[in-house]
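Atoms within a ligand are numbered from 1 in the order they appear, just like the ligands themselves. What you see is a predicted model, and the numbers here were worked out from it, not measured in a lab.
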Amino acid sequence: MGGEMKPMKTNDQLEPTVFVIFGGAGDLTWRKLVPALFDLSQDRSLPAEFAIIAVDRIKLGDDALRRRLHDGVNQFSRFGKAKTAAWNQFAKHIHYQQGDFKKPATYAALGKQCAKLEKAWGTKAHRIFYMATPPSMFGEIPKYLGKAGLSRDREFARIVIEKPIGYDLESARALNAILAASFDESQIFRIDHYLGKETVQNILAFRFANPLFEPMWNRRYIDYVTITVAETVGVEHRGGYYDHAGALRDMVQNHLMQLLCLVAMEPMVSFEADEIRNKKVDVLHAARPISRDAVPQSAVRGQYGSGNIAGKKTPGYREEKGVAPDSKTETFAALKLFLDNWRWQDVPFYLRTGKRLPQQASEISIQFRAVPHRSFPPEASLGWQPSRLVLSIQPDEGIVLGFQAKYPGPKMQLRPVDMRFSYRESFDAPSPDAYETLLWDVMKKDATLFMRADQVEAAWELLMPVLEAWQATAPSDFPNYAAGSWGPENVQELLSPGHRWPLPTELVLADKKRGKNS
Ligand code: BG6
């Protein structure tokens with residue numbers, strides 16, 4: 001790379017950092033990690049003394065790796081195609097190291113390389129070890145790092161691990177034990193990328209920076225809560241992985257549980273990472289255990305068949321690449337949960353997620369109770385609905401409050417209306433990608449948005465009876481929902497009388513725009 005170029009714009013608040021990526025030639029590095037680091041560099045959010053060391057098995061030179069990563073940045077950077085000068089300044093910081101993840105020599109070379117950089121910088125650097133490898137390596141790399149002495153410095157060494165954290169409770173415990181043998185919990189950053197999303201973080205801001213709703217955020221005023229994470233995509237190119245995971249492991253154990261914790265937790269006393277994580281884990285401890293016998297009443301699974309999404313024909317799950325033709329894996333999962341505590345006793349929390357649903361929508365709907373007494377005559381309140389608050393995480397980021405208002409005219413007539421806050425309309429600032437937020441936090445050593453070992457294990461513990469029951473009894477009706485529908489029909493049976501799965505807000509708003517008051 002040319003030597004006369006201006007240096008990368010940097011952030012003086014950050015200390016020297018070496019970012020080691022195991023799986024540096026892989027998809028996650030190319031698609032997410034390096035574009036996020038590049039975007040951070042454009043926002044002056046990287047230290048001046050900064051290096052990326054990509055470690056992988058394949059033979060690759062620095063230049064070839066940089067070309068490959070440049071292509072990823074051009075496709076996935078939030079700033080669009082990278083300007084040549086900006087890319088060249090950034091690319092100087094990237095190095096490739098070929099190595100086998102299961103050979104001590106790889107780690108010895110890595111240690112030397114880090115030491116060399118530190119010598120050149122004349123200072124000690126933070127070393128962040130990111131496991132962007134297949135999960136089979138998660139239990140190996142920490143051991144080798146430990147043996148090579150690279151995990152020893154509690155202040156300067158960190159490890160980052162992506163989900164899946166285990167395949168079930170037992171394997172999650174085993175993996176956490178391996179991590180704990182080499183690293184202190186304060187050095188371990190378990191990523192759930194949902195926590196990096198702006199609107200997920202906004203749940204805390206909305207609940208605890210405003211006095212408005214918190215007094216009503218309990219069983220006295222809230223009838224039930226639904227959490228929906230609906231995707232239109234199928235398994236894409238990940239059939240091989242997904243067919244061994246399924247929706248419960250892939251989405252519910254992590255992303256939906258995080259949303260549940262944020263919506264149901266008690267107010268934190270401070271914004272300290274462990275304080276927030278304590279409050280979140282309390283929610284999982286309060287969850288009423290689902291007994292094996294009660295699984296049919298508490299959980300529903302589904303698998304998509306062929307169908308139609310937005311006018312396009314789509315294949316069934318069993319026809320996807322990498323999927324067994326008689327696969328029993330669920331691509332849809334729904335749960336009914338209760339939290340046994342003072343705030344939430346007997347309030348159902350309905351969770352659902354699925355692939356190939358008609359609409360991409362992640363949202364939490366808080367359904368308030370009906371008013372205790374209806375003073376208006378029945379004809380005044382035709383179509384009357386109790387208030388509903390929707391926290392919309394994606395694709396339409398915002399908050400919608402539905403309530404009753406008087407319809408204009410001489411008669412007293414009530415109609416449901418919406419009050420709407422849209423991120424896009426309210427703030428000029430573009431939202432960073434979740435990975436930008438999370439990588440920045442790893443550099444700052446702020447673990448607030450990361451999963452602690454006990455939380456991961458508590459989530460597995462809650463779901464184990466469902467996983468075991470589903471494993472023990474093969475589904476006889478798969479595929480049981482058509483691509484482009486809202487999942488299997490029996491998902492309705494989870495609901496208590498009078499409850500319903502809401503339509504995603506965006507649909508409701510679109511319908512209203514067309515004049516169909518729903
Ligand atoms: C991942 C799952 O964790 O989250 C995928 O493995 C899923 O199956 C994805 O598609 C959804 O994330 P997002 O950010 O697109 O909502």
* By ring pair (Phe, Tyr, Trp, His ring centres under 6.0 Å), which residues pair with F79, not counting sequence neighbours? -> none
* Any chance you could measure Q367, atom CD, to S387, atom OG, to the nearest 0.5 Å? => 8.0 Å
* To do: Give me the ring orientation class for W87 and H70: parallel if the planes are under 30° apart, tilted from 30 to 60°, perpendicular past 60°.
  => parallel
* Mind jotting down which protein residues get a heavy-atom contact under 4.0 Å with ligand 1? Chain and number order, please. => K163, H193, Y194, K197, E231, R238, D250, M251, H255, K355, Q394
* Counting N and O atoms only, with roles assigned by atom type, does the side chain of E436 sit under 3.5 Å from a partner on the main chain of D433, one being a donor and the other an acceptor? -> yes
* Asked: Restricting to pairs with a member in residues 307-317, which pass salt bridge (Lys or Arg N to Asp or Glu O under 4.0 Å), not counting sequence neighbours?
  -> none
* **For P475, all residues meeting side-chain contact (heavy atoms from CB on, under 4.5 Å), sequence neighbours excluded** => R301, K328, D477, F478
